[in-house]
Amino acid sequence: MTDRNASTTNDRDPVLEAALDNLGEAERASPDAGFEARIARATAGDLGNAPTGTPTVRLVHPPMGQQRLHRRLKIATGLAAAAAVAVFALITLPQRTPSPAGTDRALADAAATSIDDEVTYMLAAMDVWDTEIDSEVDLVLADAVGVATSLDAADANWADSWISQGDL
Amino acid sequence: MGEAVSVRAGNSGREPDPDLDRLLRDAQAGDQDAWTALVSLYARRLFALAKSRLRNEDAAEELVQSVFATLAQSLSTGTYDDRGKFEAWLFRVAMNRIRDEIRRRKRRGERFGNGNAAGVHSDAIEQGTPALDNVAAREGDADQSAGLSKAEQSKASLDALRAALEYLPPPDREIIELRHHGGLSFNQIADLLSEPVGTLLARHHRALRKLRKHIDAEGSTSAGETNQDTTT
């Protein structure tokens, strides 16, 4: 079966080449008689124009390239999901392990909390103070109005008496 | 054996084969008979190539199936456009799949077992050849003296040759398998590997020399072991 004229080398090994040809022939003969029909049936469905009604058997397993692609996609998706969860946990969850940086952060958090409380208390106090001041001002204003009214009346009496005396 | 055409006969791979072109066109049009004929032409050659490397018949059949699934998809979608060098195209797809499968196995740490050597068709074993018998004789006269049948001797010779191929570097083994298992001409292998024919001839020759050297070394070793066994 070997093409005897194909090689140009002088020191060929026809015995070994014939043995290899026989090994190849044995390997080609090793599948059972239904091998070709099995492969043809299994792959006929991949022909786009396969006639309808023809019984076709799909691949039991997808092509190896597709299997690898699906596995890689799954791995990539899993890694991305794990990374997202890790980043989310770092951002949102409190630090459980004490460390210098963690202590500073805790102190800063505590300071921020106390400042917030102080501001809240201050605003509440200012509200109370504002209300009381407003009341006092209202009272003062009312008194002032009374004083002005009294003064007006006194002035009027003084003017009337002074006119009646004919001093003008 | 079911081979519709003799391996490496006729077309050198340089000239488009009108019969093959017609088969491809008919298969592309959905002709099931043409598709079955295409599969019958190449399935066993691809199987032999895959089995030799993967050492597993189930894996080899699955790989052949995936190659023909790719061909069918390429024909039906019109992406196959390598007319005139169909065999080079088909075997290139197969070689790529085989390399991928070997890489995958290496990543998974799978061992390449001795496969299903017992699956070799009995007819092929019984045929025997002087050449194979010659190899067997070089490897161990003790087997013959132990009263093994001719079929057993032939099977032992095939197993020894398979084992010897395992010792070849992948590039050497590849060209041997494309030539003797896949049944490709040197012109077709040149198209497949994109190398000059002269380079391939030299590579093939070097691969044979390495193989012969290993077989002779193994033969002398086993003969030496046998002599030791008989003397003790």
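Each chain gets a letter, A, B and so on, in the order the sequences are listed, and its residues count up from 1. As a basis for the values below, the full set of heavy atoms in this structure was taken, side chains included, without hydrogen atoms, waters or symmetry mates.
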B/S76 side chain to A/D46 main-chain N or O, any donor-acceptor pair under 3.5 Å? yes
Looking at A/T43 and B/A72, what are the two nearest heavy atoms and their distance? O-CB, 3.8 Å
Do B/L211 and A/L20 have side chains that approach each other closer than 4.5 Å (heavy atoms only, starting at C-beta)? yes
Evaluate the side-chain proximity of B/Q28 to A/L47: yes if any heavy-atom separation is below 4.5 Å, no if none is. no
Contacting moiety of B/L165, where chain A heavy atoms sit under 4.5 Å: side chain
Are the side chains of B/Q65 and A/R38 in touch, meaning some heavy atoms are under 4.5 Å apart? no
Please identify each residue that fulfils side chain to side chain contact (heavy atoms under 4.5 Å, CB included) with B/T199, with sequence neighbours left out. B/E195, B/P196, B/R203
B/R103: partners by side-chain hydrogen bond (donor to acceptor under 3.5 Å, both in side chains), with sequence neighbours left out: B/D100
Least distance between heavy atoms, A/G24 atom then B/A48 atom: O-CB, 4.1 Å
Measuring from B/F68:CZ to A/E36:CD, what's the distance to the nearest 0.5 Å? 9.0 Å
Is any side-chain heavy atom of A/L16 less than 4.5 Å from a side-chain heavy atom of B/I215? yes
Does B/Y167 OH have over 12 foreign heavy atoms under 6.0 Å away? no
Side chains of B/H180 and A/N22 in contact at under 4.5 Å (non-hydrogen atoms): no
Please tell me if the side chains of A/E17 and B/L208 come closer than 4.5 Å, counting only heavy atoms from C-beta onward. yes
Which bit of B/L200 is near chain A, if near means a heavy-atom gap under 4.5 Å: side chain, backbone, both or neither? neither
Which atoms of B/E61 come close to chain A, meaning under 4.5 Å heavy atom to heavy atom: side chain ones, backbone ones, both, or neither? both
Apply salt bridge (charged side-chain N to carboxylate O under 4.0 Å, His left out) to B/R162 and A/E27, showing your working. CA-CA 10 Å; B/R162 284 192 192 95; A/E27 303 292 32; 2.8 Å; yes
Just so I know, are the side chains of A/P31 and B/R44 near enough to count as touching, which here means a heavy-atom distance under 4.5 Å? yes
Are A/L23 and B/H181 packed together at the side-chain level, in the sense that at least one heavy-atom pair is separated by less than 4.5 angstrom? yes
Interface moiety of A/A33 toward chain B, non-hydrogen atoms closer than 4.5 Å: backbone
Has the side chain of A/R28 got a donor or acceptor atom that lies under 3.5 Å from a matching backbone atom of B/F47? no
